[in-house]
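The next block holds one structure in the form of structure tokens; read it before the comments.
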Amino acid sequence: QVQLVESGGGLVQAGGSLRLSCAASGRTFSGYTLGWFRQAPGKEREFVAAISWSGGNTGYADSVKGRFTISRDYAKNTVYLQMNSLKPEDTAVYYCATAPISSIAITPSRYYYWGQGTQVTVSS
């Protein structure tokens with residue numbers, strides 16, 4: 001069974017940085033896309049960034065483009081989200097997820113497996 005475990009969340013001041021990690025297991029991810037989503041209290045889950053496992057193609061939400069960087073480590077079967085210049089509006093629970101497609105998808109329904117989430121809080 002596919003398992004995704006996020007880590008790296010925490011509390012930072014506006015302008016600070018965090019790096020989230022998602023350790024994936026249970027299958028090979030060739031042909032898959034791994035993505036990051038976030039959900040703040042009272043708001044819908046929204047797409048943040050995604051990367052195709054084999055090709056390394058990336059996609060970002062407009063709200064984070066230029067500040068966040070997604071990457072993957074084949075040896076560790078891990079995907080990362082480097083978050084710089086954090087803003088209070090970035091505060092949310094961040095989730096790692098996988099979609100059985102090789103192209104970038106931004107719709108949550110395309111992602112079948114989800115991690116437990118990690119809290120990111122940005123103070124002003």
Side-chain angles (χ1 to χ4, degrees):
Q1 186 79 344
V2 172
Q3 288 188 307
L4 305 171
V5 180
E6 303 99 329
S7 62
L11 173 64
V12 298
Q13 292 187 343
S17 298
L18 284 173
R19 189 180 74 159
L20 305 184
S21 298
C22 173
S25 63
R27 70 169 67 212
T28 59
F29 292 96
S30 177
Y32 277 69
T33 292
L34 281 75
W36 287 96
F37 292 78
R38 66 188 183 186
Q39 188 165 23
K43 296 185 178 180
E44 296 181 351
R45 187 174 299 178
E46 65 174 348
F47 170 79
V48 176
I51 186 168
S52 58
W53 186 252
S54 57
N57 298 315
T58 60
Y60 298 91
D62 289 341
S63 60
V64 306
K65 191 173 184 179
R67 299 187 297 122
F68 292 9
T69 303
I70 189 170
S71 61
R72 80 259 197 257
D73 186 321
Y74 286 120
K76 297 181 179 179
N77 232 34
T78 299
V79 63
Y80 302 97
L81 184 68
Q82 178 67 46
M83 306 186 296
N84 299 326
S85 301
L86 284 162
K87 305 174 181 179
E89 50 262 45
D90 295 319
T91 296
V93 176
Y94 283 70
Y95 298 92
C96 178
T98 63
I101 53 176
S102 59
S103 58
I104 301 299
I106 65 172
T107 305
S109 63
R110 297 299 297 161
Y111 291 79
Y112 287 5
Y113 300 99
W114 296 80
Q116 85 287 352
T118 185
Q119 177 71 48
V120 172
T121 302
V122 184
S123 62
S124 60

Is the shortest side-chain heavy-atom distance between [X] and [Y] below 4.5 Å?
X	Y	answer
Thr91	Gln119	yes
Val12	Thr121	no
Phe68	Leu81	yes
Val2	Phe29	yes
Val5	Gln116	yes
Tyr113	Leu4	yes

Donor-acceptor pair, [X] side chain versus [Y] backbone, under 3.5 Å?
X	Y	result
Thr118	Glu6	no
Asn77	Ala24	yes
Ser30	Thr28	no

- Task: Quick one: do Arg27 and Gln1 satisfy side chain to side chain contact (heavy atoms under 4.5 Å, CB included)? Show the steps, please.
- Result: CA-CA 8 Å; Arg27 70 169 67 212; Gln1 186 79 344; over 6 Å; no
Which donor-acceptor pairs under 3.5 Å do the side chains of residues 98-106 make with protein atoms, sequence neighbours left out?
none

Hydrophobic cluster membership, [X] vs [Y], 4.5 Å side-chain cutoff:
X	Y	result
Tyr80	Tyr74	no
Tyr95	Leu20	no
Leu18	Tyr94	yes

- Task: With side chain to side chain contact (heavy atoms under 4.5 Å, CB included) as the test, would you mind laying out the steps for Val79 and Ile51 before giving the verdict?
- Result: CA-CA 9 Å; Val79 63; Ile51 186 168; 3.9 Å; yes
First locate atom [atom1] of [X], then atom [atom2] of [Y], and finally report the distance between them rounded to the nearest 0.5 Å.
X	Y	atom1	atom2	value
Cys22	Ile70	SG	CD1	9.0 Å
Trp36	Met83	CH2	CE	8.0 Å
Ser123	Leu86	OG	CG	10.0 Å

- Using a cut-off of 6.0 Å, state whether more than 12 heavy atoms not belonging to Arg45 lie near its atom CZ. yes
- Around Gln3, counting heavy atoms of other residues, nucleotides and ligands shown, do more than 12 lie under 6.0 Å from its CD? no
- Query: Between Tyr111 and Phe37, how do the two ring planes meet: parallel, tilted or perpendicular, split at 30° and 60°?
  - Reply: perpendicular
- Message: Testing the 3.5 Å rule here: is there a donor-acceptor pair between the side chains of Ser17 and Asn84?
- Response: yes
- From the list Val93, Val120, Asp90, side-chain contact (heavy atoms from CB on, under 4.5 Å) with Arg38 holds only for Asp90
- Which pairs with one or both residues in residues 52-61 pass side-chain hydrogen bond (donor to acceptor under 3.5 Å, both in side chains), sequence neighbours excluded? none
